[in-house]
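For reference, the structure discussed in these notes is given below.
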Amino acid sequence: MEDSKRKIWTMQYVLLLLIGLCISQLYASDDVKFYDSFDDAFDGRWVVSKKEEYTGVWKHSKSEGHDDYGLLVSEKARKHAIVKKLDEHINLKDETVVLQYEVRFQNGLECGGAYLKYLRPQDSGWTPEGFDNESPYSIMFGPDKCGATNKVHFILKHKNPKSGEFVEHHLKYPPSVPSDKLTHVYTAILKPDNELKILIDGEEKQKVNFLSAEDFEPQLIPSKTIPDPDDKKPEDWDERAKIPDPEAKKPDDWDEDAPMEIEDEDAVKPEGWLDDEPEEIDDPEATKPEDWDDEEDGEWEAPKVDNPKCEEAPGCGEWKKPMKRNPAYKGKWHAPLIDNPNYKGIWKPQEIPNPDYFELEKPNFEPIAAIGIEIWTMQDGILFDNILIASNEKVAETYRATAWKPKFEVEKEKQKEEESTDSEGLKGIQKVAFDYLYKIADIPVLGDHKVKVLELIEKAEKQPNLTIGVLVSIIVVIFSLLLKIIFGGKKRPAQANVETKKSDVAETSNNQGASTEEEVQNEEKEEQNEDAAAAAPRRRNARRDS
């Protein structure tokens, strides 16, 4: 009796399981628009471009350390192009669309792209065999890194409803590319309410609105007004906020010719100063080369070395009294600045209605008819995998959890083991440092300064011993940017070797209403020229190169 009940219960359980699997398959078939795991060879499904410039070879290959296959860029310094036509066109206008794929830089990435192009229908003017850089696409998405460029692109080619032309609109503040050799998954989620989310490894990096003027460059919807190109600034327009006080007079005791420094008459030569000893002497161990030709090479002279007698003495050579700040120095007199009574502000042309303006409730997305990879790279070993287009975020999340996450965890653990075996223990620290550096580079407030920060990070990656210096440099960049935002971009003079002189001069200037920065700079230049003249290269004392 119990056995029969157990059998019935088992059959019911299996039946429920089968029903659940069927429902999930139906659910998945509706939500998955396209998927390729590359478990099977890509021949017959993907078409390699036959254009002559695309000589790079694609291979069906395992990911290093895994049994999982992918589509491999097998040659460096080559152009690669391959395309997959979709069975049905995918509409981007009326429902959520998720674009997702994995890519791994098995040999790192110094210069090259690994993005996908989601192509428009073929009636727009392309063929699979002729797929190239000019093939029209709707969206370009994915990592690109070379020199100052380090970004996960999202580019929308949008049809202008007035002109009918397609215009590239770039995500203004794209996230940076992870700087390692692990498998990463990139996700772009397009929602019917015009929202776009960019995820890397399932973590949201950017959330923007397609119609926002702040999120895309150029913005999709033009400005309602534009500066009038025919408007001209009036000749009597005064843009000077401050002017020299016309009633100010130079004080009678103001001496513009007084030098900034004078000789310190109270100075005394240090005891033990060696007046008769030169700072440098001929190297006593140097000998004239046997093949030295006086007629051809000139008279040979021994190279100079520091005089050892000067090392313990306070100084050598002719002693001169040092210079000190001249208390009578005031520099060139300038009239103090006052508010300009005729100031009208910074002139701007008047705004007129923009003839190219149009309103838009949603972007004019073109349908996706194919997926193409068209890249140039200096690295091989780039592996693409698990390319997915879905209409449900949960489906993409499931694929990340089942297809990507297990591989990533294995690779991450292996990376930790390699870092732990580093003899100096710096590799792991530098990895963490670079991760934070790239996160800093993603801060939107950096704006145009992002390029400078990324250049610094690139330099440090190639020379790890510079990591600390680069951290300091980036802090300086950010701090300078904050100062510029707070104080309006004012800069303070920054020559350390005359800091005391400048502070003294500034104090005098503030009291007298004068500006002496120009004189300080001129004085510094004169001192630098004198130093340069004193350090002019001596006549060469080594044999000339042939």
Side-chain angles (χ1 to χ4, degrees), residues 32-49 54-86 98-110 112-119 128 131 140-145 152-153 177-188 199-202 370-390 395-415:
V32 176
K33 305 299 182 182
F34 171 81
Y35 177 66
D36 197 333
S37 65
F38 296 100
D39 290 338
D40 300 322
F42 61 86
D43 299 334
R45 293 181 293 113
W46 291 72
V47 178
V48 177
S49 175
Y54 296 98
T55 58
V57 176
W58 296 92
K59 290 185 178 179
H60 183 237
S61 176
K62 285 184 180 181
S63 180
E64 183 180 338
H66 304 290
D67 290 329
D68 185 46
Y69 281 86
L71 180 63
L72 180 70
V73 173
S74 67
E75 295 181 301
K76 61 179 64 176
R78 293 283 189 275
K79 286 185 175 182
H80 295 72
I82 193 169
V83 67
K84 171 69 175 74
K85 290 175 57 180
L86 304 183
V98 183
L99 310 175
Q100 181 170 286
Y101 72 102
E102 299 171 16
V103 66
R104 183 182 184 188
F105 306 128
Q106 297 179 119
N107 298 325
L109 183 65
E110 292 182 7
Y115 41 78
L116 303 189
K117 291 183 176 181
Y118 298 87
L119 304 173
F131 174 53
M140 191 175 102
F141 172 54
D144 188 17
K145 182 179 178 183
V152 178
H153 284 291
V177 182
S179 57
D180 54 41
K181 300 179 182 180
L182 308 180
T183 300
H184 293 282
V185 57
Y186 298 88
T187 309
L199 284 63
I200 300 179
D201 297 344
I371 300 174
I373 308 175
E374 187 274 323
I375 57 175
W376 177 90
T377 176
M378 288 300 294
Q379 272 72 48
D380 56 0
I382 300 176
L383 192 78
F384 295 87
D385 199 6
N386 293 317
I387 300 177
L388 169 71
I389 302 178
V395 171
E397 184 178 339
T398 300
Y399 275 89
R400 289 196 299 269
T402 57
W404 166 75
K405 190 70 172 180
K407 289 188 297 185
F408 179 76
E409 293 298 337
V410 170
E411 295 163 9
K412 195 173 181 180
E413 190 62 33
K414 183 179 179 182
Q415 178 180 264

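All of these numbers come straight from a predicted model, not from anything done at the bench.
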Of the non-hydrogen atoms in [X] and [Y], which two are nearest, and what is the gap between them?
{"X": "Gly113", "Y": "Ile375", "value": "O-CD1, 3.4 Å"}
{"X": "His80", "Y": "Ser74", "value": "NE2-N, 4.3 Å"}
{"X": "Ile382", "Y": "Ala114", "value": "CG2-CB, 4.2 Å"}
{"X": "Glu75", "Y": "Val57", "value": "OE1-N, 3.1 Å"}
{"X": "Lys145", "Y": "Ser179", "value": "NZ-CB, 4.3 Å"}
{"X": "Thr55", "Y": "Arg78", "value": "OG1-CD, 3.0 Å"}

Beyond-backbone contact of [X] with [Y], side-chain heavy atoms, under 4.5 angstrom:
{"X": "Lys117", "Y": "Met140", "result": "yes"}
{"X": "Gln100", "Y": "Arg400", "result": "yes"}
{"X": "Leu71", "Y": "Ile373", "result": "yes"}
{"X": "Asn107", "Y": "Lys181", "result": "no"}
{"X": "Thr183", "Y": "Asp385", "result": "no"}
{"X": "Val177", "Y": "Tyr186", "result": "yes"}
{"X": "Tyr35", "Y": "Leu388", "result": "yes"}

Do you know which of Val32, Val98, Thr187 makes side chain to side chain contact (heavy atoms under 4.5 Å, CB included) with Tyr399?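 Looking at Val32, Val98, Thr187, the match for Tyr399 under the side chain to side chain contact (heavy atoms under 4.5 Å, CB included) is Val32.
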Set out, in order, the CA-CA distance, both residues' side-chain angles and the distance that settles side chain to side chain contact (heavy atoms under 4.5 Å, CB included) for Val103 and His184, then state yes or no. CA-CA 6 Å; Val103 66; His184 293 282; 5.5 Å; no
[atom1]/[X] to [atom2]/[Y] distance, rounded to the nearest 0.5 angstrom?
{"X": "Trp404", "Y": "Arg104", "atom1": "CH2", "atom2": "CZ", "value": "13.0 Å"}
{"X": "Asp380", "Y": "Phe105", "atom1": "CG", "atom2": "CZ", "value": "12.5 Å"}
{"X": "Gln106", "Y": "Leu383", "atom1": "CD", "atom2": "CG", "value": "5.0 Å"}
{"X": "Leu99", "Y": "Ile387", "atom1": "CG", "atom2": "CD1", "value": "11.0 Å"}
{"X": "Lys79", "Y": "Ser49", "atom1": "NZ", "atom2": "OG", "value": "10.5 Å"}
{"X": "Lys85", "Y": "Phe34", "atom1": "NZ", "atom2": "CZ", "value": "13.0 Å"}

Give me the ring orientation class for Phe384 and Trp58: parallel if the planes are under 30° apart, tilted from 30 to 60°, perpendicular past 60°.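 Aromatic pair Phe384/Trp58 classed tilted.
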As a quick check of understanding, evaluate side-chain hydrogen bond (donor to acceptor under 3.5 Å, both in side chains) for Glu102 and Asn386, giving each step before the final call. CA-CA 6 Å; Glu102 299 171 16; Asn386 293 317; 2.8 Å; yes
Can a salt bridge be assigned to the pair Asp36 and Lys84 using a cut-off of 4.0 Å between side-chain N and carboxylate O?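 No, this pair does not count.
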Looking at Asp43, I'd like to know if its CG atom is crowded, meaning that more than 12 non-hydrogen atoms belonging to other residues, nucleotides or ligands lie closer than 6.0 Å.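 Check passes, neighbour count above 12.
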Begin with the C-alpha distance, continue with both residues' side-chain angles, and end with the deciding distance and a verdict on side chain to side chain contact (heavy atoms under 4.5 Å, CB included) for Tyr101 and Phe141. CA-CA 10 Å; Tyr101 72 102; Phe141 172 54; 4.2 Å; yes
Taking Asp201 for its side chain and Val185 for its backbone only, find out whether a donor-acceptor pair lies under 3.5 Å.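 Judged by distance alone, yes, a pair lies under 3.5 Å.
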Verify whether the ring centers belonging to Trp46 and Phe131 lie closer than 6.0 Å.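 Centroid distance Trp46-Phe131: not below 6.0 Å, so no.
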